[in-house]
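Structure first, commentary second.
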Amino acid sequence: MALIDIFNNLANPTRFLALTNRVLPWLTALTVIVLVYGLYRVAYAPDDYQQGATVKIMFLHVPAAWLAMMGWGLMAVAAFGTLVWRHPLADVAARAAAPIGAAFTFICLVTGSLWGRPMWGTYWVWDARLTSVLVLFLLYLGMLALYWTAEDPNRSARAAAILALVGAINIPIIKFSVDWWNTLHQPASVIRMGGSAIDPSILVPLLIMALAFTLLFLLLLLLNMRNEILRRRVRSMRMMQAASI
Amino acid sequence: MNALLALLLRDMRLATRVGGGALMGALFYFVVVSMIPFAIGPDLNLLARIGPAVLWIGALLASLLALDRLFASDHDDGSLDLLTMSTLPLELTVAAKAIAHWLTTALPLIVITPVLGLMLNVDMSAMGFVALSLVAGTPALTFIGLIGAALSVTLRRGGLLMAILVLPLTVPVLIFGVAAANAAIVGPAPFGPPFTILCALSLASFVLGPFAAAAALRQGQE
Amino acid sequence: MTLGPHASFIVAAYIVTVVVVISMIAWILRDYAAQRRILGDLEQRGIKRRSQASRGDET
């Protein structure tokens, strides 16, 4: 019950703005602290015996990849909010999350490619993991294109929600098919991480960086949601103005 | 059921009459595939190797571009409003329209595939498998594209936006379609697994596509 | 901390990340200032939102 109360309270944009303004300074401070601590831990993390110092790129690449997926997950949950409960903030959240998710996906791709150059000898390899992220990036670009072409936020809200849900259903299928395609075309990828073989001296900084990136994502999301609410306000005021003339 | 059949026949009749553009997809497919050798050179060995992939890319683009008009003409003359307001479930209506679309655009495309395969030096015995993979895979393209068509008609934007939205979603179909076709031609992997997955993708999109498209269309009516 | 033979790639990765994050923050903050300015403008000209005209506070 309490959770539903909180959701209903948040449905009011004015109250949401007030809450955001109260939370923002704390969230900013927390993000900066965790980020600085994470970077400090990364600086003193040992080198990988196989990859040497390039393993430091992983501390950016892997959290960015997690957030790229989390961003779409967030949009899918928000899509549910738009389609099922018609929660007024759901579309604001989805629309604010799209460019941020795309930016983290971009970071993941670029760092992956910069990691690949010393490891594979080329900037781009059609490796299963990189390719899935590339398709995810294309999906994000489609979502952004949808938002850019539709001026009326009410009209695009449910269209974007449907696309987010269809994408969310498709992403695991894409992941699976790209993995399958990859094993068909090349024997194994060079970077094999994940699983249980990560040493704590690397895993702990990685988790701290993941937390820092998540906080950064939330911070940017709140800031962008605030902009989106203001933008809608401007829009409705302009329409009032046009109607009154 | 009768109403759905009537709708299916209506759509097919509309598509095959003059100005309906049923054969446009097949024509586009023919032109695109014929362009490829100009880009990569007339090396028959190379063409034979990439032939199935070229045919699949051509089919993908052709069925996507043809889908642009799936709802647009009905939307322009107002019959889409009647369809959404009818007593039939919109999901079934939309599915019937998609099936009609597949029969009038994708089927001609598959029929001319052996001829194009000949030009690309694809082995005649393997051509049947390529056509079979297209038969199994193009319904998935139609039903995924259906979502894009419904979205673009509600957003009143078509063309490129629809392609941008839909193409990334068709990655699995493309992968398994080409894999199945290649398995039949070069081997050594068996034809079965990719082909059955391709069928599964088609069936899954047969369920997902109409629901998502109907939801998108309903939103356009509000 | 030594970065080994591939230092330039590591540094480049961090620079790209920093540039993307900072430009995103800059874009969001500039957008915020712009929206605030337009809102202030509109309010000065005496335009009210529907919700302010009639009681209730829905955007």
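Not measured: the values here are computed from a predicted model. In the text below, chain A, chain B and the rest are named by the order of the sequence lines, each starting its count at 1.
A salt bridge links A/Arg232 with A/Asp91: at least one charged nitrogen is closer than 4.0 Å to a carboxylate oxygen.
Chain C forms the most heavy-atom pairs under 4.5 Å with one residue out of A/Leu216, A/Leu230, A/Leu60, A/Asn224, and that residue is A/Leu60. Of all the listed residues (A/Leu223, A/Leu114, A/Leu220), the one sharing the greatest number of non-hydrogen pairs under 4.5 Å with chain C is A/Leu114.
Annotation: the span from A/Met225 atom CE to A/Ile100 atom CD1 amounts to 10.0 Å, rounded to 0.5 Å. Rounded to the nearest 0.5 Å, atoms CG (A/Leu207) and CH2 (A/Trp66) are 6.0 Å apart. Here the CG atom belonging to C/Asp31 is positioned 10.5 Å from the CZ atom belonging to A/Arg226, to the nearest 0.5 angstrom.
Only the side chain of A/Val110 comes within contact range of chain C, judged by heavy atoms closer than 4.5 Å. A/Leu17 does not touch chain C: none of its heavy atoms, backbone or side chain, sits under 4.5 Å away. In this structure, the portion of A/Ile107 lying under 4.5 Å from any heavy atom of chain C is its side chain and not its backbone. With a threshold of 4.5 angstrom between heavy atoms, A/Arg231 approaches chain C through its backbone and through its side chain. For chain C, the nearby part of A/Phe213 is the side chain; its heavy atoms alone come within less than 4.5 Å.
Note on ring orientation: taking the six-membered ring where Trp is involved, the planes of A/His61 and A/Trp115 are perpendicular (angle over 60°, cut-offs 30° and 60°).
A/Tyr140 and A/Trp72 have their aromatic ring centers within a separation under 6.0 angstrom.
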